[in-house]
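Worksheet: one structure, shown below.
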Amino acid sequence: MIKTIFLKDRYIKYELTRKNVKNINLRIKSDCNICVSANYFVSEKAVNNFLFKKADLIIKALEKYSKRISSYSFIVVQILLLIVYCFFG
């Protein structure tokens, strides 16, 4: 289920998955999606506290991946413009 939390002056969406795990697990994917898995018996408050403790790491990773995504987008736009120019130029 998708949840939202307020970390360091911004709202962060994350996907919370309940499964049979021992720890609370955090995965920050390169597409800026945040996935958290926790045991069925772990409260949402405990998950939020975990995320507050990891706020610096989460923000840093999101900024890193956002820069990558924007640079990839710029490269894709440049390639598309080059293709259009070659065919229609």
Side-chain angles (χ1 to χ4, degrees):
M1 81 185 79
I2 303 296
K3 301 280 186 179
T4 304
I5 190 168
F6 190 73
L7 297 176
K8 299 224 174 193
D9 301 330
R10 64 173 81 171
Y11 286 97
I12 305 290
K13 286 187 180 182
Y14 67 95
E15 180 181 359
L16 177 61
T17 305
R18 300 293 185 159
K19 54 171 101 171
N20 192 15
V21 293
K22 288 183 180 180
N23 302 310
I24 300 173
N25 300 305
L26 171 66
R27 286 176 305 286
I28 305 170
K29 299 181 179 181
S30 60
D31 61 356
C32 293
N33 284 328
I34 299 172
C35 300
V36 178
S37 57
N39 195 293
Y40 300 101
F41 302 107
V42 174
S43 68
E44 191 172 330
K45 183 177 180 181
V47 172
N48 286 341
N49 287 337
F50 172 78
L51 292 173
F52 282 123
K53 289 178 185 175
K54 300 292 182 180
D56 290 333
L57 177 115
I58 293 169
I59 300 299
K60 185 176 178 181
L62 290 176
E63 288 172 353
K64 173 183 160 186
Y65 289 135
S66 293
K67 287 179 185 175
R68 273 193 199 166
I69 289 171
S70 64
S71 66
Y72 289 148
S73 298
F74 178 75
I75 291 170
V76 168
V77 167
Q78 293 297 320
I79 291 170
L80 289 174
L81 287 173
L82 183 63
I83 291 170
V84 168
Y85 179 75
C86 287
F87 283 109
F88 303 108

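Starting from 1, each residue takes its place in the sequence as its number.
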Show me, pair by pair, the donor-acceptor contacts under 3.5 angstrom made by side chains of residues 47-60, not counting sequence neighbours?
| unit_1 | atom_1 | unit_2 | atom_2 | d |
| --- | --- | --- | --- | --- |
| N48 | OD1 | Y14 | OH | 3.0 |
| N49 | ND2 | K45 | O | 3.4 |
| D56 | OD1 | K8 | NZ | 2.3 |

Under 3.5 Å donor-acceptor pairs involving side-chain atoms of residues 33-41, not counting sequence neighbours:
| unit_1 | atom_1 | unit_2 | atom_2 | d |
| --- | --- | --- | --- | --- |
| N33 | ND2 | D31 | OD1 | 3.4 |
| N33 | ND2 | D31 | OD2 | 3.0 |
| S37 | OG | N25 | ND2 | 3.3 |
| N39 | OD1 | F41 | N | 3.1 |
| N39 | ND2 | V21 | O | 3.0 |

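When the side chain to side chain donor-acceptor pair (under 3.5 Å) test is applied to E15, no partner is found at least two apart in sequence or on another chain.
A donor-acceptor contact shorter than 3.5 Å links the side chain of R18 to the backbone of V42.
Taking both residues in full, the closest heavy atoms of K3 and E44 are given as NZ-OE1, 3.0 Å, listed atom of the first, atom of the second, then distance.
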